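These notes concern the structure reproduced below.
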Protein chains: 2
Amino acid sequence: MATETIIKTLVRKLPVFSGMEEAAFNQLMSHGTQRIVPKNSAVFQQGEEADLFYLLVQGRLKVTQVTADGQQIIVRVVNPGDLFGFAMALGRKDYPGTPVALVDSSVLAWPMEMMSDFMARNPTLAVNTMQMIGSRLDAAHSRIREISTQEVEQRVAHAIIRLISEAGVKDEGGIRIDFPVSRQDIAELTGTTLHTVSRIISHWQGKGWVEGGRKSLLVRDLHRLQQIADSDI
Amino acid sequence: MATETIIKTLVRKLPVFSGMEEAAFNQLMSHGTQRIVPKNSAVFQQGEEADLFYLLVQGRLKVTQVTADGQQIIVRVVNPGDLFGFAMALGRKDYPGTPVALVDSSVLAWPMEMMSDFMARNPTLAVNTMQMIGSRLDAAHSRIREISTQEVEQRVAHAIIRLISEAGVKDEGGIRIDFPVSRQDIAELTGTTLHTVSRIISHWQGKGWVEGGRKSLLVRDLHRLQQIADSDI
DNA sequence: CGTTGCCTTGACTAGTTTCAAGATCAGTGG
DNA sequence: CCACTGATCTTGAAACTAGTCAAGGCAACG
């Protein structure tokens, strides 16, 4: 099928599958099933038994976790080409978070056993996966450092810069994030409240550095945000 | 040599090396070099080129990271049997943190290339390492959730409970952490200041739940700390 | 065209940090 | 063995950041 071939070609180029033998790759692809995830719906729920692991082909997801007392945080944003829901690789049986589509998305899913089998037979895949998880660990540590040592304004600046670098698109007079992000989302990414985020963005807007909108944000002066993010003191 | 055999037997039992073939394991052990790390000295420095990876045989380390503006955080505490300094697995060439011995410690070191070689040939090792990193990622996310949503007192309670569960030893009328931990250390683990930590511990001491000391802490009522850590609101 | 969801803003409050000073303890060298 | 010194810890008071509470505006959607 045409779409299948397109997807296959796309997937083939992903770093996780680099260095994998053609035969193995083909076998992998033949076992994956595609699924469309409409905006605002979840691929699976936190706590569910992890029987499948996923690859985001197209679209954008946010992975949220809810704490015992109902507070929510966004663990990360999933970009096209990212794997997610690989609970097994983390040595657990249930999904630790809930991935929600920020825009209509399309994912590929495989049975979790395939992952262990394939990794046992494809050391490259295992090493690649490990490095992917490793870089995520690195990112998590950066975030811990930020939340621990920086003030809210710096953290918000950082979060926005990160989103821009992952999904920034040029727009009239600036750069815009390619998918809808609410103030609440930014708050959950930075460990603060939507009120504080709103105040900060209003302030920036007053200075002309950004232009706010409903679930959107146009960055006019990225350099200035960088300064805010990096400012010592 | 006698000590060498003892170490080998100890190492053999570690989860990371479980399922590894005897021959491979022996070869691995024959390439490792032992090193004594005196209290308060660093095994290596953050930013150095990562040419070796390590296993903590005996003792206790804290891994710190310094931010651009000089603020410090403790990334984690390394317990006997833990691997550390495996930068390669994270896909980077330099060490992301500095491990400092909290007590006189002993480590085993291997050339970093051995790690990739061995993982390429021992899928089990690769999967084990991946799961270890995965569980660390899990822990990092928990910490992000805590710092983002909980108040300092809860976070301090959590940190102490974690230290107790990793290295708690019975003492007269309570449990004590097996190695020296300063108020500053706890502050760097929880993203606060030593002043606030001191106040909180003083308060607990007033209630009779703990007993403070210089770089030490006797927990008299662990259950109460649990309550504090888990208290909603 | 009303209802719902998202965003903004002001006023108030509270938890933490910052600043400052002093107490206490451990180790060191005379 | 004891005074000295540096590190660690405690505590008070002031300053402030960010959260909470509350109300209203605005835009999208059915």
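This one's a predicted model, so the numbers in the text were calculated from it and none came from an experiment.
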(message) Students often get this wrong, so: under 4.0 angstrom with heavy atoms, is A/S182 touching a base, only sugar-phosphate, or nothing?
(response) sugar-phosphate
(message) Applying a 4.0 Å non-hydrogen cut-off, can you work out what B/T196 is touching in the nucleic acid: base, sugar-phosphate, or nothing?
(response) base
Atom pair distance, as rounded to whole Å: [atom1] in [X] and [atom2] in [N]:
X	N	atom1	atom2	result
A/R183	D/dG19	CZ	P	16 Å
B/I200	D/dC9	CD1	C1'	15 Å
B/I201	D/dT11	CD1	P	12 Å
A/I147	D/dA18	CD1	C1'	15 Å
A/E151	D/dA15	CD	C1'	13 Å

(request) Report yes if a side-chain nitrogen or oxygen of A/T193 is closer than 4.0 Å to either non-bridging phosphate oxygen (OP1 or OP2) of D/dA18; otherwise report no. (result) no
Who are the salt bridge (charged side-chain N to carboxylate O under 4.0 Å, His left out) partners of [X], not counting sequence neighbours?
X	value
A/R176	A/D171
B/R199	none
A/R155	none
A/R92	A/D94, B/D138

(request) Just jot down the side chain to side chain donor-acceptor pair (under 3.5 Å) partners of B/S198, sequence neighbours excluded, or say none. (result) none
(message) Holding to side-chain contact (heavy atoms from CB on, under 4.5 Å), I want the full list of residues that pass it with A/T9, two or more places apart in sequence or in another chain.
(response) A/T5, A/K13
(request) Using the test side-chain contact (heavy atoms from CB on, under 4.5 Å), find all partners of B/K8 that sit at least two apart in sequence or belong to another chain. (result) B/F25, B/N26, B/M29
(message) Reading DNA chain C from 5' to 3', where do the contacts with chain A start and stop? Cut-off is 4.0 Å to heavy atoms.
(response) C/dG5 to C/dA11
(request) Just grab all the salt bridge (charged side-chain N to carboxylate O under 4.0 Å, His left out) pairs involving residues 200-217 of chain A, residues at least two apart or on different chains. (result) A/E211-A/R220
(request) Considering only NZ, NE, NH1 and NH2 on the basic side and carboxylate oxygens on the acidic side, decide whether A/R162 and A/E146 come within less than 4.0 Å. (result) yes
(request) With axes from five pairs an end, tell me the bend angle of the helix from C/dC1-D/dG30 to C/dG30-D/dC1, nearest 10°. (result) 40°
(message) Does any part of the side chain of A/L217, heavy atoms only, come nearer than 4.5 Å to the side chain of A/V181, both counted from C-beta?
(response) no
(message) Going by ring-ring contact (aromatic ring centres under 6.0 Å, His included), name the residues that satisfy it together with B/Y95, two or more places apart in sequence or in a different chain.
(response) B/F44
(request) Quick one, give me the B/S/- string for nucleotides 21-30 of chain D, reading 5' to 3', where B means a protein heavy atom under 4.0 Å from the base and S means that only happens at the primed atoms, P, OP1 or OP2. (result) BB---BB---
